[in-house]
> 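Can you keep this structure in mind? I'll have questions shortly.
Chain A is the first sequence line, chain B the second, and so forth, proteins listed ahead of strands; every chain is numbered from 1.
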Amino acid sequence: AQSVTQPDIHITVSEGASLELRCNYSYGATPYLFWYVQSPGQGLQLLLKYFSGDTLVQGIKGFEAEFKRSQSSFNLRKPSVHWSDAAEYFCAVGARTNAGKSTFGDGTTLTVKP
Amino acid sequence: NAGVTQTPKFRVLKTGQSMTLLCAQDMNHEYMYWYRQDPGMGLRLIHYSVGEGTTAKGEVPDGYNVSRLKKQNFLLGLESAAPSQTSVYFCASSQSAGGPGEQFFGPGTRLTVL
């Protein structure tokens, strides 16, 4: 069975500082990996995804993530955080043979200090 | 192009009442999903559908029923609401082609059961 762990429930960073959100997954084969963002009162929006190829993927809003198979990780990064990045972030893992389903982590809430 | 829409946005029920949540997508997606989101528990899959006329149970199906009579619509029913079903409900859809794709989410329905 596939699973996702986001070790950090809540992270606070200062505006302009760098950000890294951690995600560890469990899945036997090559996973399909996603990061979504949820602003308050909204649905989830895709930031980026990894299926194959280059292990460093670029997404929207200046985010990037790196797939590290040896560490079963897919951490999300941003070099300089903006106040508008305050939101909840979800990592998700999917499998080719799983009816299109993804398993989501419990989320990390990001607070941005002025 | 509205994407994924959900009706209603808010609802308050009394224990034992029934209701139906409607999800509609205009992207011609094959797969549709219903999730519930509770604080600290991420997204949990209730039911899903891989095509018109098909439905399947997810992680937490008890107390819910679904139907997908038309490709663009996915209905979630609560036959006898319980306080434990107080939650935010999200519908999502995705394209099936060859593996789990990006899921597109609706804005959510906030349900309170008294």
Side-chain angles (χ1 to χ4, degrees), chain A residues 1-10 21-25 27 29-53 57 59-60 63 65 74 87-109, chain B residues 2-7 9-10 21 23-25 27 29-51 54-61 68 74 87-110:
Chain A
Q2 57 200 44
S3 66
V4 177
T5 301
Q6 294 181 243
D8 304 304
I9 296 173
H10 196 176
L21 301 182
R22 297 183 290 163
C23 172
N24 293 101
Y25 69 89
Y27 181 62
T30 299
Y32 291 62
L33 294 162
F34 308 86
W35 274 101
Y36 290 85
V37 61
Q38 183 182 30
S39 298
Q42 305 289 322
L44 279 69
Q45 178 188 16
L46 183 74
L47 281 176
L48 48 78
K49 58 189 177 185
Y50 171 79
F51 289 171
S52 64
V57 293
I60 62 171
F63 286 91
F74 188 56
E88 190 160 17
Y89 292 81
F90 292 92
C91 182
V93 61
R96 174 179 287 276
T97 57
N98 203 15
K101 294 182 291 181
S102 291
T103 299
F104 289 80
D106 289 344
T108 298
T109 299
Chain B
V4 179
T5 58
Q6 292 182 233
T7 308
K9 289 186 169 52
F10 302 93
L21 282 67
C23 175
Q25 53 97 0
M27 297 172 283
H29 285 168
E30 291 292 334
Y31 290 175
M32 296 187 74
Y33 314 86
W34 275 107
Y35 296 93
R36 60 178 289 172
Q37 184 179 36
D38 302 290
M41 301 186 75
L43 289 167
R44 292 184 290 169
L45 183 65
I46 304 171
H47 286 280
Y48 65 100
S49 167
V50 299
T54 74
T55 63
K57 294 180 179 180
E59 182 185 358
V60 288
R68 187 141 179 231
F74 195 29
S87 187
V88 181
Y89 292 86
F90 287 99
C91 176
S93 70
S94 72
Q95 193 52 279
S96 66
E102 169 189 359
Q103 293 190 17
F104 293 80
F105 285 81
T109 295
R110 185 173 296 275

> Which one, B:P107, B:A56, B:A92, leads in non-hydrogen pairs under 4.5 Å with chain A?
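Sorted descending by pairs with chain A, the first entry is B:P107.
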> What distance do A:L46 atom CG and B:F104 atom CZ have between them, rounded to the nearest 0.5 Å?
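So the CG of A:L46 and the CZ of B:F104 are separated by 7.5 Å.
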> Is it the side chain or the backbone of A:Q38 that comes within 4.5 Å of chain B heavy atoms, both, or neither?
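The answer is the side chain of A:Q38.
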> Which value, rounded to the nearest 0.5 Å, describes the distance between B:Q37 atom CD and A:F90 atom CZ?
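Answer for the CD-CZ pair, B:Q37 versus A:F90, is 4.5 Å.
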> So, taking the atom named NZ in A:K101 and the one named OH in B:Y31, what distance separates them when rounded to the nearest 0.5 Å?
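Atom-to-atom, A:K101:NZ and B:Y31:OH are 10.0 Å apart.
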> Quick one: what part of B:Y35 sits under 4.5 Å from any heavy atom of chain A, side chain, backbone, both or neither?
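Contact with chain A involves the side chain of B:Y35 alone.
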> For A:I9, is it the side chain, the backbone, both, or neither that has a heavy atom closer than 4.5 Å to a heavy atom of chain B?
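Contact with chain B: none, neither part.
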> Looking at every non-hydrogen atom in both residues, tell me the closest pair between A:Y36 and B:Q103 and how far apart they are.
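Where A:Y36 meets B:Q103 most closely, the heavy atoms are OH-N, 2.9 Å.
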> Tell me if the CZ atom of B:R110 is crowded by more than 12 foreign heavy atoms within 6.0 Å.
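Check fails, neighbour count at 12 or below.
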> What part of B:E59 gets closer than 4.5 Å to chain A, counting heavy atoms only: side chain, backbone, both or neither?
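Looking at B:E59, nothing touches chain A.
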